[in-house]
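Quick note: numbers below take in every heavy atom, side chains included, and nothing from hydrogens, waters or symmetry partners.
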Amino acid sequence: MPSRFLCDQCRSLSARAQPLPAHSGLRPMLELEGGWLYRCRHCGAFATAPADSRSGWSLNVHGQAVPPGSMD
């Protein structure tokens, strides 16, 4: 899925391999084992926080994953 469907704040989360803090538009939706599933108020993307200090955010928009670092 192209990152052009993401808002600017979600796009910057997707562009980084390192974890960044959640932006103000991400609201927690569902508590998962060891973390939260967020939904962006701006673009509607779902997001999960990095699992460890070396991974980035996992984003999904319109039911399709946005690969980390994908900038179109």
Side-chain angles (χ1 to χ4, degrees):
M1 168 62 69
S3 64
R4 69 176 173 267
F5 297 108
L6 299 174
C7 67
D8 289 339
Q9 292 173 313
C10 282
R11 190 182 295 230
S12 52
L13 284 179
S14 176
R16 308 287 173 133
Q18 298 85 16
L20 294 173
H23 66 75
S24 60
L26 289 177
R27 62 173 193 219
M29 297 292 294
L30 178 67
E31 187 174 4
L32 302 171
E33 186 176 317
W36 282 89
L37 175 68
Y38 295 89
R39 181 101 194 250
C40 181
R41 297 171 202 230
H42 307 296
C43 65
F46 288 97
T48 53
D52 58 43
S53 63
R54 293 183 309 257
S55 64
W57 282 79
S58 182
L59 291 149
N60 183 300
V61 65
H62 300 304
Q64 296 184 18
V66 178
S70 68
M71 297 302 290
D72 45 26

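Atom SG of residue C43 and atom CZ of residue R11 lie 9.5 Å apart, to the nearest 0.5 angstrom. If you take OH on Y38 and CG on L13, they are separated by 10.5 Å, rounding to the nearest 0.5 Å. Here S14 contributes atom OG and N60 contributes atom CG; the two are 11.5 Å apart, rounded to the nearest 0.5 Å. The CG atom of L59 sits 11.5 Å away from the CZ atom of F46 when rounded to the nearest 0.5 Å. Summarising the geometry, atom CZ belonging to R27 is positioned 6.0 Å from atom CZ belonging to R41; distances are rounded to the nearest 0.5 Å. With rounding to the nearest 0.5 Å, the separation of OG1 in T48 from CG in L30 is 11.5 Å.
Annotation for A47 and W57: closest pair CB-CE3, 3.8 Å, computed over non-hydrogen atoms. Residues P28 and W36 share a closest heavy-atom pair of CB-CE3, 3.6 Å.
Proximity of L26 to C10: side-chain heavy atoms (C-beta onward) are separated by under 4.5 Å at one or more points.
Looking only at distances, a side-chain donor or acceptor of H23 sits under 3.5 Å from a matching main-chain atom of G25. R39 contributes a side-chain N or O that, together with a main-chain N or O of G44, makes up a donor-acceptor pair within less than 3.5 Å.
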